[in-house]
Every structure is written in C-alpha cells, then in structure tokens.
2 protein chains.
Amino acid sequence: MPRGNCQGQGWWHGKFRGCGYRLTTGREAILDILSRSEGHLSAEDIYIKVHPRYPNVGLTTIYRTLDVLSNLGIVYKLDFGDGRARYELAEGPKGAHHHHHLVCTGCNRVIDYADFIDEEVELLQQTEKGLGKKYNFRINNHVIQFYGLCDKCNGKK
Amino acid sequence: MPRGNCQGQGWWHGKFRGCGYRLTTGREAILDILSRSEGHLSAEDIYIKVHPRYPNVGLTTIYRTLDVLSNLGIVYKLDFGDGRARYELAEGPKGAHHHHHLVCTGCNRVIDYADFIDEEVELLQQTEKGLGKKYNFRINNHVIQFYGLCDKCNGKK
DNA sequence: CTCCTTAATGAAAATGGTTTCCATTATTAA
DNA sequence: TTAATAATGGAAACCATTTTCATTAAGGAG
Ligand SMILES: [Mn+2]
Ligand SMILES: [Mn+2]
Ligand SMILES: [Zn+2]
Ligand SMILES: [Zn+2]
C-alpha cells in the first residue's frame, strides 16, 4: 500500500502550511466532513458530524477553524437570515463550483443555482467596476440571494 | 389652525389601522425618528434617538414595532454582517427610493447606490422569473450587496 | 528521536443582540 | 364610560458566538 498520496484528502495542506497554520486532527476532521457533505452546514451541524469519529474536538475549535478557513478563502461563510452562520466549501479538489442561493423563508430550504450565473456574473463585474470607480471602493465580495417560498411551502395556503 | 392634516406625519396611519394595529405613542415615535433620520439604524440606535423625547418607550417595544413595520413592508430589515439588524424606511411620503448597498468591511460604512439599479433590476426580474419557473419558487424578495474596502480603509495598507 | 517554543485546544464562563414572560397600561369599539 | 384585549416595559431567558485560561501537542532545531 503506497504512502504519501497527494490527491484529494490533503489538497488544502499546502495552503494551510503556506500561511503558517499547523495541521491538527481537528482541522482535518472538519475539512473532511465539509468535503464529504452536501449543503450548508452550521457550526453545530459540523460538530455533530465530527463528534462521533473525533469525540475530543470541541465546538470552540469548530468555530475557530471555520474562521481560519473562511479567512483563507477555503470556505464561504453564508447567512440565510435564520440566526446562525452556515458554511460551504469554496471549491472541491475538482475546482470551483460557483453558484448563488434561493432561500425558502417557509422551511429554510436552500437551493443552489447556477443557471443564470453567466449573465449575473457579467452584470456584477460591470457593476463592481462602476461602483469601485465611482465610490473609490475595492470590492472583493458580493451577496446575491433570492428569498421566497418553495413549492411545498407555497402550497400550504 | 386647521385640524386633521393628512400630509406627511401621518401617512402610515391608514396602513396601520387597515391591518388592525392600534396607534400608540411608541409606534409613532419610532416612525417619526425613522422618517427624519438618514441611513441604517439599529434597534438600539432608534432607542437612543427616541428615548430623550419619549423616555417611557422601551427597547422591547422598538423591537416589536420594527417587526410589525417590517411585516407590513413599511421598513426593510437589513443585515450588513456586523451582528445587528438595521432598518430603513422602505419609502417616504414622496415615494420609493430603490437602492442597493455597498458595505465597507473595514469601518462598516454603508453607501446607498442607485447607479446601476435599472440594469440590476432588469436582470433580477429575469432571474426571478426563470428561477421561479424552474424551481417552482414564489420569489418575493432579494438581497444584493457588495462588500469591500472604502477609500479610507483601503489606504491603511 | 528529543527538546522547546508557542500555536492550538477544550471546558466553562462571558457576551450581546434579540425574544419571551407576565403583570400593568392604554387603545378602541360599543 | 366601559369592557375587551392589544400593547407595553422591565426583567429574565435565550442562544449563537466569543473570550478566558490552564493544558496539550505541532513541528522546527539540534
Ligand atoms: Mn451553496
Ligand atoms: Mn439604504
Ligand atoms: Zn419551503
Ligand atoms: Zn471603510
């Protein structure tokens, strides 16, 4: 059984070490869970998934790690207005998967969509450029989210 | 001195009464402050502005009233990611003043902009229509915000 | 491998915006 | 005026997140 495989499970090690962060069990566990989970996990969601396999990783470490990951650009910190932050991997080993969000205010379901991304991205770039020039702003992030009721919640009167 | 003037100061009374809400001093005070203030006030900001003139309006009432106003569509509840909700009047007596936001993550300054609104709104409408059809969603709200560093914060290295 | 510096950690306590409770007050329809 | 009940304020509860601090463990130097 060959050692030292560098595909997949360890792709963030470089980014981590490059910024002077230590590689710890907790951090690997959290990234492991994030990369094998679909969707938008809260800190507690992650804690619950990590805990069975790594019972000595505390919730505090989850928060601290997510903060680091978010600063490194490895995860996005999302806010869907339900009072807790949610996180998703910015990109897997396979590359980026840019998308925006459609949030149901009835059941809190969140749909990733990428259908209109091309037009949106183009407009966003124009807008960012224009705003940046006009207001002397260095824009480095945007939030686009649609809120409404999904088919199920819409049916219920 | 004529009584019963209906311009300005009381334009929301109708909307209020129409929904079965009572008109109270606290509610009028809060709307008064909101309509004579620029910008994006937190509940506590409003409390501080209301308190000198109406010392017996509590913070709880501010929260409750803002919730009602937000449900009635009279104010927008905004989240700029600084851990507290902010509120702005949806429209004054003069009518709507649609705009989006540019948020400085350095100093939390928020700039209202309306420059690219037309194009944005058009794209939004298209997107809402497309998404609504594709995912069977009734979209009734969207959030567009740009985050970055303002000229001042950008200068500080 | 061992040592040593110090980054990282977990548990518990603190924080802080917002909500809930509940006894009291005030609005409004009759 | 009166009665029904919506609205209120103050205190306590809530709850996601952060801070504190004593302990642990990464990882570079030797
Ligand atoms: Mn997503
Ligand atoms: Mn605004
Ligand atoms: Zn739903
Ligand atoms: Zn700034």
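Here is the naming used below: chain letters follow the sequence lines, and residue numbers restart at 1 for every chain. Quantities reported herein were computed from a predicted structural model and do not represent experimental measurements.
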Nucleotide [N], atom [atom2] - distance to [atom1] of [X] in whole Å:
X	N	atom1	atom2	value
B:Tyr54	C:dA26	OH	P	16 Å
A:Ile62	C:dA8	CD1	P	16 Å
A:His13	D:dG27	NE2	C1'	14 Å
A:Arg22	C:dA8	CZ	P	6 Å
A:Tyr47	D:dC15	OH	P	18 Å
B:Leu66	D:dA7	CG	C1'	15 Å
B:Tyr21	C:dA26	OH	C1'	18 Å
B:Phe16	C:dT27	CZ	P	14 Å

Would [X] and [Y] pass as an ion pair if we require N to O under 4.0 Å?
X	Y	value
B:Asp115	A:Lys134	yes
A:Asp79	A:Arg84	no
B:Asp32	B:Arg36	yes

Using a cut-off of 6.0 Å, state whether more than 12 heavy atoms not belonging to B:Tyr76 lie near its atom OH.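 Result for OH/B:Tyr76: open.
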If you count every heavy atom of other residues, nucleotides or ligands that lies below 6.0 Å from A:Tyr147 atom OH, does the total exceed 12?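 Buried by this count: over 12 neighbours within 6.0 Å.
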Base contacts versus sugar-phosphate-only contacts with protein, heavy atoms under 4.0 Å: please encode nucleotides 13-24 of chain C as B, S and - from 5' to 3'. ----SBBBB---
Look at the side-chain N and O atoms of A:Arg17 and state whether any lies under 4.0 Å from the OP1 or OP2 oxygen of D:dG28.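 For D:dG28, OP1 or OP2 has a side-chain N or O of A:Arg17 closer than 4.0 Å.
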Distance below 4.0 Å between A:Thr24 side-chain N/O and D:dA25 OP1 or OP2: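 No, because none of the side-chain N or O atoms of A:Thr24 sits under 4.0 Å from OP1 or OP2 of D:dA25.
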Would you mind telling me which residue lines up with the more 5' stretch of DNA chain C, B:Leu23 or A:Gly26, judged by nearest nucleotide?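 This one resolves to A:Gly26.
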Salt bridge (charged side-chain N to carboxylate O under 4.0 Å, His left out) contacts touching residues 116-129 of chain A (sequence neighbours left out):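 As it turns out, there is no salt bridge (charged side-chain N to carboxylate O under 4.0 Å, His left out) pair with a partner in residues 116-129 of chain A once direct neighbours are skipped.
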Which pairs, with at least one residue in residues 116-146 of chain A and sequence neighbours excluded, count as a ring pair (Phe, Tyr, Trp, His ring centres under 6.0 Å)?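 For residues 116-146 of chain A, and leaving out neighbouring residues, the ring pair (Phe, Tyr, Trp, His ring centres under 6.0 Å) pairs sorted by first residue read A:His100-A:His142.
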